[in-house]
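Data block below; observations after.
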Amino acid sequence: MTEVDSLKEENQRLRDELNDRIFELSILYDISNSISYTLNYEDFMKIMADSLNRIIDYDLCSSLLILDGEKARMIIRAAHPVKRDIFEEVKNNVIASLNSLRPRAISGEEIEFEVRGEILDDKRSEGERIVSSFDVPLFVRQEAVGILNVAAVRDIAYSDEEIKLLYTLASQASAAIERLQAVLSAEKSKMKVMVERMSEGVAMFDEKDELVIVNSAFNEMTGGDLSLLGELDEIKKRRKQPKVLDIHLEKPFPRVINSESACIEDDNGRYLGIVMLLRDVSKEREIEQMKSDFVSLVSHELRTPLVAIKGAADNLLDGLAGELNDIQKDCLVLSKRNIDRLNRLISDLLDISRIEAGKIQLNKQPADAASIVKDVLGLFQASAKEKNIALESLLPEELPLVTIDSDKINQVLTNLVGNALKFTPAQGKIMIKVFRAENFLRVEVRDTGVGIPKQDLEKVFDKFYQVDRNKSFTSVKGTGLGLPISKGIVERHGGKIWAESEAGEGSKFIFTLPV
Ligand code: ADP
């Protein structure tokens, strides 16, 4: 295994681990959120309202609770359908009575409401009002954190027993909340320690864009400047697709930080916030750079002697060194074929290293895609005929002009049609279609050949990837670089390329170019 390979593997492992951690983190966060907020609180409220219902007569039972010292939630449960006025009255009473016990008042806007039961918006039973109402405050560590209220539109004289019961319930509730908060803060500090220990930089924003988690690695890498990582809104818009970018830092020392920002959602698809992960990839990038420099250097150096070898073989074949016998000729023809192959491999390697280094230059000019198709058809017509394959095209009368590097797009199409020809047996058919699809020009190359197994459809665009074939196609030896080069070229044009194939139906390669 080469160093690059093992580095890649190590990288993949790190990435997998990182993804596991994001997942863990988001779950932990979600759990700590729900513990404090919904799950237990709702269960608890439900149990309380149910048991109250059995013992005390009421029309409305409400609970208002402030958790984490900030989030407030109120659940109002109506035993019978009630008018909106009544409901509003209870709501306001309960808020007022909690505020009377707290140093800082909370307003209706800060409270999340939930209503169980029916509210009537019509004018029936006009004039109805709350007649009986009873509040019990909930205290946690001497601080008033909530109110439990029962109310009725009838005159109910609550007995001492009932009131005592309500107080007992309230003190149980307070104890439960206290325990809950202890669990919660233990959970939170566990999470903090875990995040802090990571060598990767981690930050998490909640649904209100507030920074809720951040470790020192993150602060160290960003130096506090979050603008490097992109706008939160942009990351939100991308939803499931993480924003990935390399940041080149000069201070305190030069390095490359890879940042990955993604939205997180709970199981129901509810948006929870954004997680950002930063990793120092300086070493990786340096090796990548060295590798691509090396490849382009070697390719250049190989070319010169190859030109000389080819020239010598040509001279021999032309009889410059005297008459050759058939065996000698065959040998020379074979060498020449392999020299050509070597040449192709070298120029492919050069192309791919330029693409990877982001160094391909596009010479873009307005061009007519139809003429490129005609050129490529002309190039392959003879060999298609020889293999008894029908090579056809379907071009609409009028095609929009595209601003492209014609030579490079020609190279893409040549590669696709060349492949189609390689992997299609005699009597087959290859069809090139070009048409406009919205703001893109779409080019399709379809063949009736061996097709591509589903699991390989994406992999064929990887460097050196070749689908495992039975013997009949091993004679056609390519470089495994044609498709990755095509992909690089199409993407540089702002287009996309992909393959489709149904078992036994041949393959279809499609690429698009912006109009
Ligand atoms: P090469 O053709 O030089 O091997 P490519 O990158 O062009 O390299 O293609 C990679 C692989 O994808 C091929 O080796 C082949 O297995 C598969 N492939 C490409 N085009 C087709 C096609 N039209 N039909 C079936 N397989 C194909």
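Remember, it's 1-based here, ligands and their atoms both numbered in the order they're listed. Just so it is clear, the model here is predicted, and its values are computed rather than measured.
On a distance-only criterion, Pro484 and ligand 1 share no N/O pair closer than 3.5 Å.
Other residues, nucleotides and ligands place more than 12 heavy atoms under 6.0 Å from the CD atom of Gln455. Around CG of Asn439, the count of heavy atoms belonging to other residues, nucleotides or ligands within 6.0 Å does not exceed 12. At most 12 non-hydrogen atoms from other residues, nucleotides or ligands lie less than 6.0 angstrom from CD of Glu231.
Using 4.0 Å as the threshold, Phe461 has no heavy atom nearer than that to any atom of ligand 1. Not close to ligand 1: Gly418, with no non-hydrogen atom less than 4.0 angstrom away. Ligand 1 is never approached by Ser501 to a heavy-atom distance shorter than 4.0 Å. The shell of residues lying under 4.0 angstrom from ligand 1, judged by heavy atoms, excludes Gly449.
Between Asp340 and Arg337 there is no salt bridge, since no side-chain N of the basic residue sits under 4.0 Å from a carboxylate O of the acidic one. Ion pairing between a basic and an acidic side chain is recognised when a charged N comes within 4.0 Å of a carboxylate O; Glu288 and Arg285 show such pairing.
Closest heavy-atom approach to atom 11 (C) of ligand 1 within the set Phe464, Phe423, Tyr465: this belongs to Tyr465. In this structure, of Leu483, Leu421, Thr479, the residue bringing a heavy atom nearest to atom 9 (O) of ligand 1 is Leu483.
At a 4.0 Å heavy-atom cut-off, ligand 1 touches Leu481 through the backbone alone. With a heavy-atom cut-off of 4.0 Å, Asp447 touches ligand 1 through its side chain alone.
Annotation for ligand 1: atoms under 4.0 Å from non-hydrogen atoms of Gly480 are 1 (P), 3 (O), 4 (O), 6 (O), 8 (O). Every atom of ligand 1 is numbered from 1 in the order shown, and the set under 4.0 Å from a heavy atom of Asn415 is 7 (O). Per-residue contacts place Lys422 under 4.0 angstrom from the following atoms of ligand 1 (heavy atoms of the residue considered): 1 (P), 2 (O), 3 (O). In summary, the atoms of ligand 1 found under 4.0 Å from a heavy atom of Ile452, numbered by their order in the structure, are 25 (C), 26 (N), 27 (C). Short contacts between ligand 1 and Gly451, defined as distances under 4.0 Å to a heavy atom of the residue, involve ligand atoms 25 (C). Which parts of ligand 1 touch Ala420 is read off a 4.0 Å heavy-atom cut-off, strictly below it: atoms 23 (N).
Between atom CD1 of residue Ile213 and atom NZ of residue Lys192 there is a gap of 9.0 Å, rounded to the nearest 0.5 Å.
Checked by atom type, the side-chain pair Gln289/Asp293 shows a donor-acceptor distance below 3.5 Å.
Counting all heavy atoms, side chain and backbone alike, Ile274 lies closest to Tyr271 at CG1-OH, 3.4 Å. The two residues Glu444 and Ile510 come nearest to each other via the heavy atoms CG-CG1, 3.8 Å.
Here the side chains of Ile235 and Met276 are in contact, with some heavy-atom distance below 4.5 Å.
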